[in-house]
2 protein chains.
Amino acid sequence: METKITAGVEEYLEALFHLEEENRAVQTKALAEHLKLKPASVTEMVKRLTAQKLVTHTPYKGVYLTERGRTAAAALVRRHRLSERFLADMLDVPWDELHDEACKFEHVISDKVERKLSEALGNPATCPHGNPIPEADGTVAADTAEPLVGMSARSKGRITRITNEEPEFLQYLANLGLMPDVMVEIEEVAPFGGPIIVKARGAKYALGRQVAQHIFVKPSAS
Amino acid sequence: METKITAGVEEYLEALFHLEEENRAVQTKALAEHLKLKPASVTEMVKRLTAQKLVTHTPYKGVYLTERGRTAAAALVRRHRLSERFLADMLDVPWDELHDEACKFEHVISDKVERKLSEALGNPATCPHGNPIPEADGTVAADTAEPLVGMSARSKGRITRITNEEPEFLQYLANLGLMPDVMVEIEEVAPFGGPIIVKARGAKYALGRQVAQHIFVKPSAS
DNA sequence: TATTGTTATTAGGTATACCTAACTATACCA
DNA sequence: TGGTATAGTTAGGTATACCTAATAACAATA
């Protein structure tokens, strides 16, 4: 029962890392949905992860990464995001395809290759979607950006990160030109869960809350 | 029973491709040795490969790649060698570590990434050990080089490829400076399976047959 | 407190891919 | 042709990691 972190185990750790980041309660069910598996499979794997001291689990409360688990997960996220940078910067793979390709690369990068890759890329701080690349020691840079969905009308800022990397979602945003480094201004926040009207590059767009939730903006003094 | 080429299956195809290249009879046992598995495991997998029409098998005669199998294997070798080029040229990973790292990368490279990678590397013809990178269509460039072990005394040439990529072997050769593009001259071929004395870079080295077998040289007019 | 809906687990099954040990088939030499 | 060494297969077992269906545990509310 040693430290045998297989690709399967890695998927769970990564999912937990992301779900914890959004401070959602990570119950068996949520984890199953995120990984597109059945709850029974998750129960089983969580047992294995617990035996390996990578997580702790209190039924009906949640699954939590241990220190060991978090470190392993951060390394994985680091490799994922470095892979995306490599695919984007060196191979010119399109924005919306980076995530899925990187999902495969992250499992085959050794410590040494990770170091060399980071160096070759100029030790980047973020992935092409603007999400921070954890440091080699597992620390993640604090982020002052906030989701578009929580901002008030008239506020302005610069898009810094997109936290949903599904191809269709990214294609949609790319079409509107809503990508990191683009300046946006909130025109109006419709009540009752209605759309958020933003102005970017001289045009106005009505975004659903689901969309706005995944666009992070660093506010600028207005 | 569809075309489900898993990493496990890929290892077998690649091994068969290499063993066929050396025109060795590829019996169950040889395959097992090459893959460091037990013969019983190979028997089982060969059955699966046969069902998928990737190989044909006649017991005590050999396992042979079908057209389908050979194409899949060539693609894999292509990805392996492109990975080695990437690791060497872009990340500066040392010569003797390339093979093992590439063994992992080859399984996660999609058609699209393969194309982009080849382009970014300038469509290289060989891996850093001098072995030909199969074309995207599966064809492999003919090679006029011959193994050092078959050459006669006094003949000269340029090293073009090293066909054993085990780290210790490559370290040994690197120490002697016997690498692709280096000129060598056969000084003497000791009889009864004795060593082959070669001159390279002004120094003389006595090489065992096992070693000389894996060093390919393109003879120059003497 | 009892009911109800949600969440989680257990039991039993599948597929891959490896293993050991026992057995069989073949090639080849004497 | 017969015997033996080599090669190969079968049978039964392990581990991972998924599944469905049935069951149990819990939270929250009536």
Side-chain angles (χ1 to χ4, degrees), chain A residues 1-16 19-20 23-65 69 72-73 76 103-104 106-108, chain B residues 1-16 19-20 23-65 69 72-73 76 103-104 106-108:
Chain A
M1 306 305 96
E2 302 78 48
T3 310
K4 205 180 351 175
I5 298 189
T6 65
V9 169
E10 291 185 340
E11 292 299 331
Y12 281 78
L13 294 180
E14 221 187 334
L16 282 165
L19 289 169
E20 281 194 5
N23 28 249
R24 292 210 246 151
V26 189
Q27 291 177 298
T28 303
K29 202 202 170 198
L31 197 46
E33 265 162 21
H34 196 265
L35 291 166
K36 296 188 175 102
L37 300 174
K38 300 298 167 205
S41 309
V42 174
T43 293
E44 198 182 295
M45 182 60 109
V46 165
K47 260 189 219 161
R48 268 199 285 270
L49 296 179
T50 303
Q52 288 184 51
K53 299 216 195 300
L54 291 165
V55 305
T56 57
H57 180 213
T58 314
Y60 305 96
K61 288 287 180 293
V63 183
Y64 300 94
L65 289 167
L76 228 34
C103 275
K104 295 181 287 175
E106 68 193 18
H107 303 294
V108 300
Chain B
M1 304 286 94
E2 302 80 50
T3 310
K4 207 179 351 173
I5 298 189
T6 63
V9 169
E10 291 185 340
E11 292 299 332
Y12 280 78
L13 294 179
E14 220 188 336
L16 282 164
L19 290 169
E20 281 193 5
N23 27 250
R24 292 210 244 150
V26 189
Q27 291 178 297
T28 303
K29 202 201 169 199
L31 198 46
E33 266 162 20
H34 197 264
L35 291 165
K36 298 190 174 103
L37 300 175
K38 301 299 168 206
S41 308
V42 174
T43 293
E44 197 182 294
M45 182 59 109
V46 165
K47 262 191 219 160
R48 267 198 286 268
L49 297 178
T50 303
Q52 289 184 50
K53 298 217 196 300
L54 291 165
V55 305
T56 57
H57 181 213
T58 314
Y60 305 98
K61 287 287 180 293
V63 183
Y64 300 95
L65 288 167
L76 228 35
C103 274
K104 295 181 287 176
E106 68 193 18
H107 302 295
V108 301

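Here the structure is a predicted model, which is why all the values come from computation and not from measurement. Each chain gets a letter, A, B and so on, in the order the sequences are listed, and its residues count up from 1.
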Side-chain donor/acceptor pairs under 3.5 Å, residues 25-46 of chain A, sequence neighbours excluded:
residue: A/Gln27; atom: NE2; partner: A/Tyr60; partner atom: O; Å: 3.3
residue: A/Thr43; atom: OG1; partner: A/Pro39; partner atom: O; Å: 3.3

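- As a whole-Å value, the separation of A/His107 NE2 from D/dA17 C1' is 14 Å.
- In this structure, B/Leu31 places its CG atom 11 Å from P of D/dT9, rounding to the nearest Å.
- Taking five base pairs at each end of the helix from C/dT1-D/dA30 to C/dA30-D/dT1 and finding the rotation axis that steps the C1' atoms of four pairs onto the next four gives two axes whose angle is 20°, to the nearest 10°.
- Rounded to whole Å, the distance from CG on A/Leu49 to P on C/dA8 is 15 Å.
- For B/Val9, taking side-chain heavy atoms from C-beta onward, the closest of the listed nucleotides D/dA17, C/dA17, C/dT7 is C/dA17.
- One interatomic measurement links the two molecules: CD1 of A/Ile5 to C1' of D/dA17, which rounds to 16 Å at whole-angstrom precision.
- Between D/dC19, C/dA17, D/dA17, one nucleotide has an atom nearer to the side chain of A/Leu37 than all others, and that is D/dC19.
- OP1 or OP2 of D/dC19 sits under 4.0 Å from a side-chain N or O of A/Ser41.
- Rounded to an integer number of Å, the gap from OH of A/Tyr12 to P of D/dT16 is 13 Å.
- Spacing between atom CE of A/Met45 and atom P of D/dA15 amounts to 15 Å, rounded to whole angstrom units.
- Of all heavy-atom pairs between A/Thr50 and A/His57, the closest is OG1-CB, 4.3 Å.
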Please list, one pair per line, the donor and acceptor atoms closer than 3.5 Å that link side chains of residues 7-15 of chain A to other protein atoms, with sequence neighbours excluded.
residue: A/Glu10; atom: OE1; partner: A/His107; partner atom: ND1; Å: 2.3
residue: A/Glu11; atom: OE2; partner: A/His107; partner atom: NE2; Å: 2.7

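- In this structure A/Glu20 satisfies the side chain to side chain donor-acceptor pair (under 3.5 Å) test together with A/Arg70, sequence neighbours excluded.
- For the pair B/Lys61 and C/dA27, the criterion of a side-chain N or O lying under 4.0 Å from OP1 or OP2 is met.
- B/Leu54 contributes atom CG, which lies 10.0 Å from atom CG of B/Leu16 (distance to the nearest 0.5 angstrom).
- Here the C1' atom of nucleotide D/dA22 and the NZ atom of A/Lys38 are 16 Å apart, to the nearest Å.
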Strictly under 3.5 Å: I want the nitrogen or oxygen pairs between protein and nucleotides 9-12 of chain C, one per line.
residue: C/dT9; atom: OP2; partner: A/Thr43; partner atom: OG1; Å: 2.8
residue: C/dT10; atom: OP2; partner: A/Lys47; partner atom: NZ; Å: 2.9

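- Here the P atom of nucleotide D/dT6 and the CD atom of B/Gln27 are 13 Å apart, to the nearest Å.
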